[in-house]
Amino acid sequence: MTTTPPETTESTNSESNEDHSPVEMAVDQLERAAELLDVDQGMFERLKHPTTVYRVSLPVERDDGQTEVFTGYRAQHDDVRGPYKGGIRYAPGVTEDECIALSMWMTWKCAVMDLPFGGAKGGIVVDPDELTEKERERLTRRFAESLQGAIGPTKDIPAPDMGTDEQTMAWLMDACSMQEGETIPGVVTGKPTAIGGCPGREEAPGRGVAIIAREAAAYYDMPMDELSVAVQGYGSVGANAARLLDSWGANIVAVSDVNGAIYDPSGLQTMDIPTYDEQPGAVTAYDGGEIMPNAELLELDVDVLIPAAVGNVLTRENAADVSASLIVEGANGPTTTGAAEIFDQRNLPVIPDILANAGGVTVSYFEWLQHINRRSWPLERVRETLEDEMVDAWEQVARERDERELTWRDATYVVALSRVAEAKDLRGLWP
Ligand SMILES: NC(=O)C1=CN([C@@H]2O[C@H](COP(=O)(O)OP(=O)(O)OC[C@H]3O[C@@H](n4cnc5c(N)ncnc54)[C@H](OP(=O)(O)O)[C@@H]3O)[C@@H](O)[C@H]2O)C=CC1
Ligand SMILES: O=C(O)CCC(=O)C(=O)O
């Protein structure tokens, strides 16, 4: 177990991190908010570091009998407002540095939504598509064993992220329950509904992105039925956001997966384009529209650009060429520090990830409450409550932005950090 952030390492999209590691990006963002709020220097120093980082070796027997050892991480950033909370990703580019940055972003995301959680994030360095289902199950169970004592319904509650899904959460829950000798549904969120999951959790991050895009478009007087939208990434977040905006009347002109984008200025039928889960690799095989590289999608002349795939895609190199009028961050950390500076200079509004994609953790919170109350919510209640919570958070951030004349990112961080700092002051944990 380590407790300090490492030096710069590569992030999920390592080609364009402009020498800023994810942690450095996260610290830059925190520093701006700390200055605006005049936060105590010591508290700022503390919040630059995670509380704990677990690094575990995971020996797994492959189906051919060979043993392979994978590396897993769980970074726990801060729990002053409640148990650590955050997803687990399976991806070849997972690093300790990335998990730490993502855990910091979870602290702010939970705080901006006013959820009683702190921030955590974990991952395993693995391409899940290269494992069979049985191998993925063995790997997940081994990860749960290695994190015994670190995770639990009142300590740290994992959830899905890139490369993991409700089945992964079911295995994690089962492994933790076996260790404890009793069924503990609250140890993870994003489970299948048959074992205590919340209806609507899978669609929630994308639904939240769509709600925030709708509110932001209205703020800038852009009518929904005239809105052109490009979405990078057609997985859980991107496809759900695209389809919902489409159903509200927006014109989704481009979507992409890892192989590339399809573009049709007259609008794509998003319900007809299969996501990776529905049919892997189907985006660029879709009949209709022009095929283009992901990089070109990011520069399309659209009203709204939603990067919803991986981190660090908007960089100092391409920021000047982004032609959208508004960016809504669906992915975590899609905008590098260098790109953010250029967007600020250009007065191009960027609605940050910690607000825009917070729908997932918000519905995770509903799931956690259902575990405590032993009572499930119907889908309509989930959707209505999510709508209320997202709009509430949006309005608080918009007020802060307008009153202090801040960027959207700074305003969001100010709302989040002021809640975390107040909790630390009240609990007397600081200094
Ligand atoms: N799932 C969740 O609960 C939440 C996720 N997020 C964040 O949203 C982002 C996407 O997550 P999620 O939708 O769950 O992930 P998925 O794995 O479901 O989807 C990711 C999508 O991005 C595509 N993609 C992968 N790599 C690239 C690349 N280099 N360039 C372009 N497209 C690429 C994938 O293509 P292909 O299908 O071909 O692999 C897929 O369409 C991540 O940053 C995640 O952290 C944020 C909040 C909650
Ligand atoms: O639902 C959760 O607990 C976490 C979701 C997540 O990892 C994220 O919002 O980035």
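In what follows, residues are counted from 1 in the order of the sequence shown. Start at 1 and go down the list; that is how both ligands and their atoms are numbered.
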Open item on the list: Please determine whether side chain to side chain contact (heavy atoms under 4.5 Å, CB included) holds for the pair E135 and E130, giving the CA-CA distance in whole Å, both sets of side-chain angles, and the decisive distance to 0.1 Å.
Closed with: CA-CA 9 Å; E135 290 168 342; E130 286 181 3; over 6 Å; no

Open item on the list: As a quick check of understanding, evaluate side chain to side chain contact (heavy atoms under 4.5 Å, CB included) for I100 and Q76, giving each step before the final call.
Closed with: CA-CA 7 Å; I100 293 168; Q76 298 173 331; over 6 Å; no

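Residue R89 has at least one nitrogen or oxygen atom sitting less than 3.5 Å from a nitrogen or oxygen atom of ligand 1, judged on distance alone. Distances between N or O atoms of K109 and those of ligand 1 include no value under 3.5 Å. Considering both main-chain and side-chain atoms, S236 comes within under 3.5 Å of ligand 1 through a nitrogen or oxygen pair. For a threshold of 3.5 Å applied to N or O pairs, the pair formed by Y276 and ligand 1 contains no separation below that value.
Using a 4.0 Å cut-off to heavy atoms of V310, the atoms of ligand 1 that qualify are 26 (N), 29 (N). Near Q232, with a cut-off below 4.0 Å to any heavy atom, the atoms of ligand 1 are 30 (N), 31 (C). Atom numbering of ligand 1 starts at 1 in the shown order; those under 4.0 Å from a heavy atom of A331 are 8 (O), 9 (C), 43 (O).
Every residue was checked against the salt bridge (charged side-chain N to carboxylate O under 4.0 Å, His left out) condition with K155, not counting sequence neighbours, and none meets it. Among residues two or more places apart in sequence or in another chain, the side-chain contact (heavy atoms from CB on, under 4.5 Å) test is passed with E299 by N318, D321. Not a single ring pair (Phe, Tyr, Trp, His ring centres under 6.0 Å) links F70 to another residue, sequence neighbours left out.
At a heavy-atom distance under 4.0 Å, no atom of A159 approaches ligand 1. Contacts between D257 and ligand 1, counted as non-hydrogen atom pairs separated by less than 4.0 Å, involve both the backbone and the side chain.
Contact analysis leaves G87 out of contact with ligand 1, as no non-hydrogen atom separation drops below 4.0 angstrom. Using a non-hydrogen distance threshold of 4.0 Å, N259 does not register as a contact of ligand 1. Residue-ligand proximity: R201 is placed with a non-hydrogen atom under 4.0 Å from ligand 1. Using a 4.0 angstrom heavy-atom cutoff, P205 counts as in contact with ligand 1.
Under the 30°/60° scheme for interplanar angles, the aromatic rings of W108 and Y413 are found to be tilted.
Taking the charged nitrogens against the carboxylate oxygens, R383 and E380 do have a contact shorter than 4.0 Å, which makes a salt bridge. Ion pair R243/E278 flagged as a salt bridge, since at least one NZ, NE, NH1 or NH2 atom sits closer than 4.0 Å to an Asp/Glu carboxylate oxygen.
The contact shell of ligand 2, taken as protein residues with any non-hydrogen atom closer than 4.0 angstrom, comprises K85, G86, G87, M106, K109, K121, A159, D161, R201, N332, G360, V361, S364.
Interatomic distance, CD1 of I351 versus OH of Y219, reported as 9.0 Å (0.5 Å rounding).
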